[in-house]
Amino acid sequence: MKLRVLYFARLRERFGVAEESLDFSGATAADLIGQLQARGGVWAEELASGRAFRVAVNQEIVTLDAVFPEHAEIAIFPPVTGG
Amino acid sequence: MKLRVLYFARLRERFGVAEESLDFSGATAADLIGQLQARGGVWAEELASGRAFRVAVNQEIVTLDAVFPEHAEIAIFPPVTGG
Amino acid sequence: MKILVQREAFDLGAEVAAMSQGRTDIGAVASFVGLARDMNEGSGVQAMTLEHYPGMTEKALAALVDEANARWPLLDTTVIHRIGRLLPGDPIVLVVVASQHRGEAFAASEFIMDYLKTRAPFWKKEETLQGERWVEARASDDAAAARWIEP
Amino acid sequence: MKILVQREAFDLGAEVAAMSQGRTDIGAVASFVGLARDMNEGSGVQAMTLEHYPGMTEKALAALVDEANARWPLLDTTVIHRIGRLLPGDPIVLVVVASQHRGEAFAASEFIMDYLKTRAPFWKKEETLQGERWVEARASDDAAAARWIEP
(Lines give C-alpha, C1' and ligand atoms only; values in the text may rest on other atoms or scores of the structure.)
Protein backbone atom coordinates (compact mmCIF):
# COMPACT_ATOMS: atom_id res chain seq x y z
CA MET A 1 0.00 0.00 0.00
CA LYS A 2 0.90 3.66 -0.29
CA LEU A 3 1.89 5.47 2.92
CA ARG A 4 2.33 9.14 3.59
CA VAL A 5 5.15 9.52 6.11
CA LEU A 6 5.99 12.74 7.97
CA TYR A 7 9.21 13.47 9.87
CA PHE A 8 9.64 16.15 12.52
CA ALA A 9 12.32 18.04 14.41
CA ARG A 10 15.75 16.39 14.64
CA LEU A 11 14.68 13.46 12.46
CA ARG A 12 13.36 15.78 9.74
CA GLU A 13 16.70 17.58 9.72
CA ARG A 14 18.85 14.46 9.78
CA PHE A 15 16.86 12.65 7.10
CA GLY A 16 16.65 15.84 5.04
CA VAL A 17 12.99 15.22 4.29
CA ALA A 18 9.80 16.49 5.94
CA GLU A 19 7.35 14.27 4.12
CA GLU A 20 7.39 11.43 1.60
CA SER A 21 5.04 8.99 -0.06
CA LEU A 22 6.23 5.40 -0.14
CA ASP A 23 5.25 1.92 -1.16
CA PHE A 24 4.88 -0.33 1.82
CA SER A 25 4.34 -4.06 1.70
CA GLY A 26 4.51 -4.70 5.44
CA ALA A 27 1.76 -4.47 8.04
CA THR A 28 3.06 -2.90 11.24
CA ALA A 29 5.02 0.11 12.47
CA ALA A 30 7.95 -2.24 13.11
CA ASP A 31 7.85 -3.35 9.44
CA LEU A 32 8.03 0.29 8.30
CA ILE A 33 10.92 1.04 10.64
CA GLY A 34 12.73 -2.03 9.23
CA GLN A 35 12.15 -0.84 5.67
CA LEU A 36 13.52 2.63 6.51
CA GLN A 37 16.53 1.22 8.40
CA ALA A 38 17.41 -0.75 5.24
CA ARG A 39 18.17 2.57 3.53
CA GLY A 40 21.33 2.65 5.66
CA GLY A 41 23.20 5.81 6.66
CA VAL A 42 21.32 8.19 8.94
CA TRP A 43 18.19 6.04 8.55
CA ALA A 44 19.88 3.00 10.03
CA GLU A 45 21.51 5.15 12.68
CA GLU A 46 18.52 7.14 13.92
CA LEU A 47 16.04 4.26 13.79
CA ALA A 48 18.34 1.64 15.31
CA SER A 49 16.82 -0.34 18.13
CA GLY A 50 17.63 1.42 21.37
CA ARG A 51 17.26 4.88 19.82
CA ALA A 52 14.36 6.91 21.18
CA PHE A 53 11.78 7.80 18.54
CA ARG A 54 7.99 7.81 18.35
CA VAL A 55 5.62 6.59 15.64
CA ALA A 56 2.16 8.14 15.21
CA VAL A 57 -0.60 6.67 13.04
CA ASN A 58 -3.31 9.08 12.00
CA GLN A 59 -1.97 11.51 14.61
CA GLU A 60 -1.97 9.14 17.56
CA ILE A 61 1.21 7.71 19.06
CA VAL A 62 1.32 3.93 18.72
CA THR A 63 3.58 1.07 19.72
CA LEU A 64 5.72 -0.74 17.16
CA ASP A 65 3.29 -3.66 16.86
CA ALA A 66 0.52 -1.35 15.60
CA VAL A 67 -0.98 -2.45 12.27
CA PHE A 68 -1.38 0.38 9.76
CA PRO A 69 -4.84 0.98 8.32
CA GLU A 70 -5.26 1.86 4.62
CA HIS A 71 -4.29 5.40 3.60
CA ALA A 72 -2.78 6.07 7.02
CA GLU A 73 -0.86 9.23 7.82
CA ILE A 74 2.30 8.03 9.54
CA ALA A 75 4.69 10.29 11.46
CA ILE A 76 8.07 9.50 12.95
CA PHE A 77 9.61 11.94 15.41
CA PRO A 78 11.85 12.27 18.48
CA PRO A 79 10.39 12.21 22.00
CA VAL A 80 8.49 15.48 22.46
CA THR A 81 9.96 18.44 24.31
CA GLY A 82 7.31 21.17 24.41
CA GLY A 83 5.81 23.00 27.34
CA MET B 1 0.05 40.48 85.40
CA LYS B 2 -2.02 42.54 82.99
CA LEU B 3 -3.03 40.89 79.74
CA ARG B 4 -4.52 42.39 76.60
CA VAL B 5 -6.90 39.84 75.11
CA LEU B 6 -8.44 40.06 71.64
CA TYR B 7 -11.39 38.05 70.34
CA PHE B 8 -12.25 37.48 66.69
CA ALA B 9 -15.09 36.32 64.45
CA ARG B 10 -17.74 34.11 66.06
CA LEU B 11 -16.14 34.36 69.50
CA ARG B 12 -16.03 38.16 69.33
CA GLU B 13 -19.72 38.18 68.50
CA ARG B 14 -20.75 35.63 71.10
CA PHE B 15 -18.71 37.23 73.90
CA GLY B 16 -19.83 40.69 72.84
CA VAL B 17 -16.30 42.04 73.22
CA ALA B 18 -13.48 42.56 70.72
CA GLU B 19 -10.73 43.39 73.20
CA GLU B 20 -10.25 43.61 76.94
CA SER B 21 -7.54 44.16 79.48
CA LEU B 22 -7.55 41.76 82.39
CA ASP B 23 -5.66 40.78 85.51
CA PHE B 24 -4.15 37.36 85.20
CA SER B 25 -2.49 35.45 88.00
CA GLY B 26 -1.88 32.23 86.09
CA ALA B 27 1.01 31.29 83.81
CA THR B 28 -0.23 29.39 80.77
CA ALA B 29 -2.83 29.62 78.03
CA ALA B 30 -4.73 26.83 79.81
CA ASP B 31 -4.84 28.97 82.98
CA LEU B 32 -6.35 31.88 81.03
CA ILE B 33 -8.93 29.66 79.39
CA GLY B 34 -9.85 28.34 82.87
CA GLN B 35 -10.22 31.90 84.19
CA LEU B 36 -12.49 32.86 81.26
CA GLN B 37 -14.57 29.65 81.54
CA ALA B 38 -15.24 30.59 85.19
CA ARG B 39 -17.26 33.57 83.93
CA GLY B 40 -19.93 31.03 82.99
CA GLY B 41 -22.54 31.55 80.24
CA VAL B 42 -21.21 31.82 76.71
CA TRP B 43 -17.63 31.83 78.08
CA ALA B 44 -18.03 28.43 79.69
CA GLU B 45 -19.84 27.19 76.61
CA GLU B 46 -17.49 28.38 73.86
CA LEU B 47 -14.28 27.57 75.73
CA ALA B 48 -15.38 24.17 77.04
CA SER B 49 -12.90 21.39 76.48
CA GLY B 50 -13.74 19.73 73.21
CA ARG B 51 -14.73 23.02 71.54
CA ALA B 52 -12.45 24.12 68.73
CA PHE B 53 -10.71 27.45 69.38
CA ARG B 54 -7.20 28.79 68.93
CA VAL B 55 -4.98 30.85 71.24
CA ALA B 56 -2.31 33.17 69.84
CA VAL B 57 0.42 34.80 71.93
CA ASN B 58 2.04 37.85 70.39
CA GLN B 59 0.42 36.89 67.08
CA GLU B 60 1.59 33.28 66.96
CA ILE B 61 -0.71 30.33 67.52
CA VAL B 62 0.35 28.35 70.61
CA THR B 63 -0.71 25.21 72.42
CA LEU B 64 -2.53 25.40 75.76
CA ASP B 65 0.62 24.67 77.75
CA ALA B 66 2.30 27.84 76.42
CA VAL B 67 3.57 30.16 79.18
CA PHE B 68 2.65 33.83 78.62
CA PRO B 69 5.51 36.34 78.57
CA GLU B 70 5.07 39.76 80.25
CA HIS B 71 2.87 42.30 78.40
CA ALA B 72 1.77 39.66 75.95
CA GLU B 73 -0.93 40.29 73.36
CA ILE B 74 -3.24 37.31 73.59
CA ALA B 75 -5.91 36.44 71.02
CA ILE B 76 -8.61 33.79 71.17
CA PHE B 77 -10.46 32.88 67.99
CA PRO B 78 -12.20 30.07 66.10
CA PRO B 79 -10.30 27.86 63.64
CA VAL B 80 -9.47 30.03 60.64
CA THR B 81 -11.52 29.89 57.43
CA GLY B 82 -9.88 32.23 54.93
CA GLY B 83 -8.62 31.57 51.46
CA MET C 1 8.27 38.26 48.37
CA LYS C 2 5.13 40.39 48.20
CA ILE C 3 2.36 40.02 50.76
CA LEU C 4 -0.73 42.19 50.82
CA VAL C 5 -3.99 42.21 52.78
CA GLN C 6 -6.39 44.59 51.12
CA ARG C 7 -10.03 45.43 50.44
CA GLU C 8 -9.48 46.11 46.74
CA ALA C 9 -9.51 43.53 43.97
CA PHE C 10 -6.16 42.30 42.64
CA ASP C 11 -4.99 41.87 39.06
CA LEU C 12 -3.60 38.38 38.39
CA GLY C 13 -2.07 39.31 35.03
CA ALA C 14 -0.39 42.41 36.44
CA GLU C 15 1.03 40.51 39.42
CA VAL C 16 2.50 37.76 37.24
CA ALA C 17 3.86 40.33 34.77
CA ALA C 18 5.46 42.33 37.62
CA MET C 19 7.11 39.18 38.91
CA SER C 20 8.59 38.08 35.60
CA GLN C 21 9.30 41.55 34.12
CA GLY C 22 12.90 41.83 32.96
CA ARG C 23 13.85 38.36 34.20
CA THR C 24 15.01 35.50 32.02
CA ASP C 25 15.71 32.93 34.73
CA ILE C 26 12.08 32.05 35.50
CA GLY C 27 10.85 28.90 33.76
CA ALA C 28 7.58 28.36 35.62
CA VAL C 29 4.90 30.52 37.22
CA ALA C 30 2.07 28.75 39.03
CA SER C 31 -0.86 30.85 40.17
CA PHE C 32 -3.97 30.28 42.20
CA VAL C 33 -7.05 32.44 42.55
CA GLY C 34 -9.73 31.55 45.09
CA LEU C 35 -13.17 33.05 44.40
CA ALA C 36 -16.37 33.52 46.38
CA ARG C 37 -19.00 31.00 45.28
CA ASP C 38 -22.76 31.39 45.32
CA MET C 39 -23.17 28.07 47.11
CA ASN C 40 -21.68 26.53 50.25
CA GLU C 41 -22.75 23.65 52.45
CA GLY C 42 -25.77 23.18 50.23
CA SER C 43 -27.32 26.63 50.51
CA GLY C 44 -27.15 29.83 48.51
CA VAL C 45 -24.64 32.51 49.54
CA GLN C 46 -25.54 36.09 48.64
CA ALA C 47 -22.38 37.72 50.01
CA MET C 48 -19.59 37.12 52.48
CA THR C 49 -17.53 39.25 54.80
CA LEU C 50 -13.90 38.45 55.56
CA GLU C 51 -12.55 39.45 58.97
CA HIS C 52 -8.89 39.15 59.91
CA TYR C 53 -6.44 39.78 62.74
CA PRO C 54 -4.47 42.84 61.62
CA GLY C 55 -0.79 42.46 62.34
CA MET C 56 -0.87 38.70 62.82
CA THR C 57 -2.22 38.15 59.31
CA GLU C 58 0.79 39.63 57.53
CA LYS C 59 3.16 37.76 59.87
CA ALA C 60 1.37 34.47 59.32
CA LEU C 61 1.41 34.88 55.53
CA ALA C 62 5.12 35.79 55.58
CA ALA C 63 5.81 32.71 57.71
CA LEU C 64 4.00 30.50 55.15
CA VAL C 65 6.09 31.93 52.34
CA ASP C 66 9.29 31.55 54.38
CA GLU C 67 8.45 27.91 54.93
CA ALA C 68 7.76 27.40 51.23
CA ASN C 69 11.13 28.98 50.44
CA ALA C 70 12.82 26.65 52.90
CA ARG C 71 11.23 23.64 51.20
CA TRP C 72 11.68 24.52 47.53
CA PRO C 73 14.09 26.66 45.47
CA LEU C 74 11.67 29.45 44.56
CA LEU C 75 12.49 32.63 42.67
CA ASP C 76 9.62 34.82 43.87
CA THR C 77 6.25 34.60 45.62
CA THR C 78 3.21 36.89 45.86
CA VAL C 79 0.28 36.40 48.23
CA ILE C 80 -2.69 38.80 48.25
CA HIS C 81 -5.73 38.19 50.45
CA ARG C 82 -8.78 40.39 50.42
CA ILE C 83 -10.87 41.41 53.44
CA GLY C 84 -14.27 43.05 53.77
CA ARG C 85 -17.53 42.28 52.00
CA LEU C 86 -17.37 40.22 48.79
CA LEU C 87 -19.98 38.97 46.36
CA PRO C 88 -20.18 35.61 44.57
CA GLY C 89 -17.68 35.63 41.71
CA ASP C 90 -15.34 38.05 43.48
CA PRO C 91 -11.73 36.91 43.85
CA ILE C 92 -10.65 36.39 47.47
CA VAL C 93 -7.06 35.20 47.44
CA LEU C 94 -4.14 35.15 45.01
CA VAL C 95 -0.97 33.07 45.24
CA VAL C 96 1.74 33.32 42.58
CA VAL C 97 4.98 31.33 42.72
CA ALA C 98 7.87 31.57 40.25
CA SER C 99 10.66 29.02 39.98
CA GLN C 100 13.07 27.57 37.43
CA HIS C 101 11.14 24.32 36.99
CA ARG C 102 7.44 23.59 37.21
CA GLY C 103 7.46 21.00 39.99
CA GLU C 104 8.49 23.50 42.66
CA ALA C 105 6.03 26.17 41.51
CA PHE C 106 3.10 23.73 41.56
CA ALA C 107 4.04 22.23 44.93
CA ALA C 108 4.76 25.55 46.64
CA SER C 109 1.56 27.24 45.45
CA GLU C 110 -0.57 24.35 46.68
CA PHE C 111 1.40 24.20 49.94
CA ILE C 112 0.88 27.93 50.56
CA MET C 113 -2.86 27.64 49.94
CA ASP C 114 -3.20 24.57 52.19
CA TYR C 115 -1.30 26.23 55.03
CA LEU C 116 -3.06 29.56 54.53
CA LYS C 117 -6.39 27.76 54.97
CA THR C 118 -5.37 26.44 58.40
CA ARG C 119 -2.88 29.01 59.73
CA ALA C 120 -3.68 32.51 58.50
CA PRO C 121 -6.16 34.39 60.75
CA PHE C 122 -9.04 35.04 58.36
CA TRP C 123 -12.67 34.22 59.03
CA LYS C 124 -15.60 34.18 56.62
CA LYS C 125 -19.16 35.10 57.48
CA GLU C 126 -21.74 34.25 54.85
CA GLU C 127 -25.05 35.96 54.14
CA THR C 128 -27.69 33.43 53.13
CA LEU C 129 -31.47 33.56 52.79
CA GLN C 130 -31.58 31.92 56.22
CA GLY C 131 -29.47 34.71 57.74
CA GLU C 132 -25.81 35.13 58.53
CA ARG C 133 -23.48 32.30 59.48
CA TRP C 134 -19.80 31.95 60.25
CA VAL C 135 -18.12 29.42 57.98
CA GLU C 136 -16.90 26.43 59.96
CA ALA C 137 -13.38 25.11 59.50
CA ARG C 138 -13.30 22.05 57.26
CA ALA C 139 -11.74 18.73 58.18
CA SER C 140 -10.69 18.49 54.52
CA ASP C 141 -8.55 21.62 54.93
CA ASP C 142 -6.83 20.13 57.98
CA ALA C 143 -6.23 16.96 55.98
CA ALA C 144 -4.83 18.94 53.04
CA ALA C 145 -2.41 20.81 55.33
CA ALA C 146 -1.39 17.60 57.10
CA ARG C 147 -0.15 16.15 53.80
CA TRP C 148 2.79 18.56 53.95
CA ILE C 149 4.03 17.53 57.40
CA GLU C 150 7.42 15.98 56.93
CA PRO C 151 8.05 12.69 58.71
CA MET D 1 -12.59 23.88 26.85
CA LYS D 2 -10.36 26.23 24.86
CA ILE D 3 -7.26 24.96 23.06
CA LEU D 4 -5.03 27.14 20.94
CA VAL D 5 -1.70 26.70 19.18
CA GLN D 6 -0.44 30.10 18.10
CA ARG D 7 2.60 32.26 17.37
CA GLU D 8 1.31 35.25 19.34
CA ALA D 9 1.75 35.85 23.04
CA PHE D 10 -1.22 35.06 25.31
CA ASP D 11 -2.71 37.13 28.13
CA LEU D 12 -3.01 35.16 31.37
CA GLY D 13 -5.23 37.74 33.07
CA ALA D 14 -7.58 37.96 30.10
CA GLU D 15 -7.87 34.16 29.81
CA VAL D 16 -8.71 33.74 33.50
CA ALA D 17 -11.16 36.66 33.35
CA ALA D 18 -12.86 35.19 30.27
CA MET D 19 -13.23 31.86 32.05
CA SER D 20 -14.76 33.24 35.23
CA GLN D 21 -16.73 36.14 33.69
CA GLY D 22 -20.38 36.05 34.76
CA ARG D 23 -20.00 32.80 36.72
CA THR D 24 -20.49 32.41 40.43
CA ASP D 25 -19.94 28.66 40.73
CA ILE D 26 -16.14 28.71 40.34
CA GLY D 27 -14.26 28.58 43.64
CA ALA D 28 -10.75 27.90 42.35
CA VAL D 29 -8.69 28.81 39.30
CA ALA D 30 -5.20 27.31 39.04
CA SER D 31 -2.94 28.60 36.28
CA PHE D 32 0.47 27.72 34.95
CA VAL D 33 2.72 29.69 32.63
CA GLY D 34 5.89 28.11 31.28
CA LEU D 35 8.55 30.58 30.08
CA ALA D 36 11.68 30.37 27.97
CA ARG D 37 14.77 30.56 30.19
CA ASP D 38 18.18 31.95 29.30
CA MET D 39 19.86 28.80 30.58
CA ASN D 40 19.41 25.06 29.94
CA GLU D 41 21.66 22.09 30.52
CA GLY D 42 24.31 24.45 31.86
CA SER D 43 24.72 26.73 28.85
CA GLY D 44 23.24 30.02 27.78
CA VAL D 45 20.24 30.02 25.47
CA GLN D 46 19.79 33.04 23.21
CA ALA D 47 16.55 31.98 21.58
CA MET D 48 14.49 28.90 20.87
CA THR D 49 12.22 27.75 18.08
CA LEU D 50 9.20 25.58 18.73
CA GLU D 51 8.14 23.18 16.00
CA HIS D 52 4.94 21.15 16.17
CA TYR D 53 2.87 18.61 14.22
CA PRO D 54 -0.12 20.61 12.95
CA GLY D 55 -3.33 18.67 13.33
CA MET D 56 -1.99 16.17 15.81
CA THR D 57 -1.09 18.90 18.30
CA GLU D 58 -4.64 20.13 18.76
CA LYS D 59 -5.92 16.54 19.02
CA ALA D 60 -3.28 15.62 21.59
CA LEU D 61 -4.03 18.68 23.72
CA ALA D 62 -7.78 18.00 23.55
CA ALA D 63 -7.12 14.40 24.60
CA LEU D 64 -5.12 15.60 27.63
CA VAL D 65 -7.96 17.90 28.69
CA ASP D 66 -10.53 15.13 28.14
CA GLU D 67 -8.51 12.85 30.38
CA ALA D 68 -8.26 15.57 33.05
CA ASN D 69 -12.05 16.00 32.87
CA ALA D 70 -12.52 12.27 33.30
CA ARG D 71 -10.33 12.31 36.41
CA TRP D 72 -11.59 15.43 38.18
CA PRO D 73 -14.83 17.45 38.26
CA LEU D 74 -13.59 20.53 36.38
CA LEU D 75 -15.64 23.55 35.34
CA ASP D 76 -13.46 24.81 32.49
CA THR D 77 -9.96 24.45 31.03
CA THR D 78 -7.82 26.54 28.70
CA VAL D 79 -4.55 25.40 27.11
CA ILE D 80 -2.53 27.71 24.86
CA HIS D 81 0.85 26.67 23.43
CA ARG D 82 3.02 28.94 21.36
CA ILE D 83 5.11 27.93 18.35
CA GLY D 84 7.84 29.70 16.37
CA ARG D 85 10.86 31.61 17.62
CA LEU D 86 10.86 32.77 21.24
CA LEU D 87 13.34 34.71 23.36
CA PRO D 88 14.32 34.14 27.00
CA GLY D 89 11.55 35.51 29.21
CA ASP D 90 8.87 34.86 26.60
CA PRO D 91 5.89 32.79 27.75
CA ILE D 92 5.59 29.41 25.97
CA VAL D 93 2.60 27.61 27.41
CA LEU D 94 -0.50 28.50 29.45
CA VAL D 95 -2.78 26.12 31.34
CA VAL D 96 -5.80 27.41 33.28
CA VAL D 97 -8.18 25.11 35.16
CA ALA D 98 -11.33 26.19 37.00
CA SER D 99 -13.19 24.04 39.51
CA GLN D 100 -15.36 24.35 42.60
CA HIS D 101 -12.61 23.40 45.03
CA ARG D 102 -8.88 23.99 44.89
CA GLY D 103 -7.66 20.39 45.04
CA GLU D 104 -9.00 19.51 41.60
CA ALA D 105 -7.71 22.69 39.97
CA PHE D 106 -4.19 22.17 41.33
CA ALA D 107 -4.10 18.48 40.43
CA ALA D 108 -5.55 18.89 36.95
CA SER D 109 -3.27 21.78 35.96
CA GLU D 110 -0.17 19.84 37.01
CA PHE D 111 -1.49 16.69 35.33
CA ILE D 112 -2.08 18.54 32.06
CA MET D 113 1.42 20.03 32.10
CA ASP D 114 3.04 16.67 32.92
CA TYR D 115 1.17 14.90 30.13
CA LEU D 116 1.70 17.75 27.69
CA LYS D 117 5.46 17.43 28.25
CA THR D 118 5.43 13.79 27.19
CA ARG D 119 2.49 13.48 24.77
CA ALA D 120 1.95 16.69 22.82
CA PRO D 121 4.01 16.89 19.60
CA PHE D 122 6.14 19.97 20.22
CA TRP D 123 9.91 20.13 19.85
CA LYS D 124 12.29 22.84 21.01
CA LYS D 125 15.46 23.85 19.24
CA GLU D 126 17.76 26.14 21.18
CA GLU D 127 20.22 28.70 19.84
CA THR D 128 23.35 28.82 22.01
CA LEU D 129 26.80 30.34 21.58
CA GLN D 130 27.93 26.83 20.58
CA GLY D 131 25.31 26.65 17.83
CA GLU D 132 21.84 25.18 17.55
CA ARG D 133 20.71 22.08 19.39
CA TRP D 134 17.49 20.12 19.71
CA VAL D 135 16.37 19.84 23.32
CA GLU D 136 16.46 16.22 24.47
CA ALA D 137 13.50 14.71 26.29
CA ARG D 138 14.05 14.58 30.04
CA ALA D 139 13.79 11.48 32.17
CA SER D 140 12.32 13.77 34.87
CA ASP D 141 9.40 14.58 32.58
CA ASP D 142 8.72 10.88 32.02
CA ALA D 143 8.85 10.37 35.76
CA ALA D 144 6.46 13.28 36.37
CA ALA D 145 3.97 11.88 33.87
CA ALA D 146 4.30 8.37 35.29
CA ARG D 147 3.08 9.60 38.69
CA TRP D 148 -0.41 9.97 37.22
CA ILE D 149 -0.73 6.40 35.96
CA GLU D 150 -3.49 4.79 37.93
CA PRO D 151 -2.82 1.35 39.37
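Chain A is the first sequence line, chain B the second, and so forth, proteins listed ahead of strands; every chain is numbered from 1. Values in this document were obtained by computation on a predicted structure and should not be read as measured data.
Looking at C/Val16, the atoms closer than 4.5 Å to chain D (heavy atoms on both sides) all sit in the side chain, from C-beta outward. Contact annotation for D/Arg23: only backbone heavy atoms (N, CA, C, O) come within less than 4.5 Å of a heavy atom of chain C. Of the two parts of C/Glu15, neither the backbone nor the side chain holds a non-hydrogen atom closer than 4.5 Å to a non-hydrogen atom of chain D. Within the 4.5 angstrom heavy-atom criterion, only backbone atoms of D/Ala36 (N, CA, C, O) approach chain C. Both the backbone and the side chain of D/Ala28 come within contact range of chain C, with heavy atoms under 4.5 Å apart. Looking at C/Ser140, there are no atoms closer than 4.5 Å to chain D (heavy atoms on both sides), in backbone or side chain. When heavy atoms are compared at a cutoff of 4.5 Å, C/Asp114 approaches chain D by way of both its backbone and its side chain.
Annotation: D/Gln130, atom CD; neighbour count of heavy atoms from other residues, nucleotides and ligands within 6.0 Å is above 12. Applying the 6.0 Å contact sphere to CD of D/Gln46 captures more than 12 heavy atoms from other residues, nucleotides or ligands. By the 6.0 Å contact criterion, CD on D/Gln6 is enclosed, its count of non-hydrogen atoms from other residues, nucleotides or ligands being greater than 12.
Residues in residues 5-50 of chain C take part in these ring pair (Phe, Tyr, Trp, His ring centres under 6.0 Å) pairs, two or more places apart or across chains: C/Phe32-D/Phe106.
Nearest heavy-atom pair, D/Leu35 versus C/Ile26, reported as atom, atom and distance to 0.1 Å: CB-O, 3.4 Å.
Options D/Met113, D/Arg102, D/Met39 differ in how many heavy-atom pairs under 4.5 Å they form with chain C, and the most are formed by D/Arg102. Among the candidates D/Ser31, D/Gly13, D/Gly89, the residue making the largest number of heavy-atom pairs closer than 4.5 Å to chain C is D/Ser31.
Atom NE2 of residue D/His101 and atom CG of residue C/Asp141 lie 10.0 Å apart, to the nearest 0.5 angstrom.
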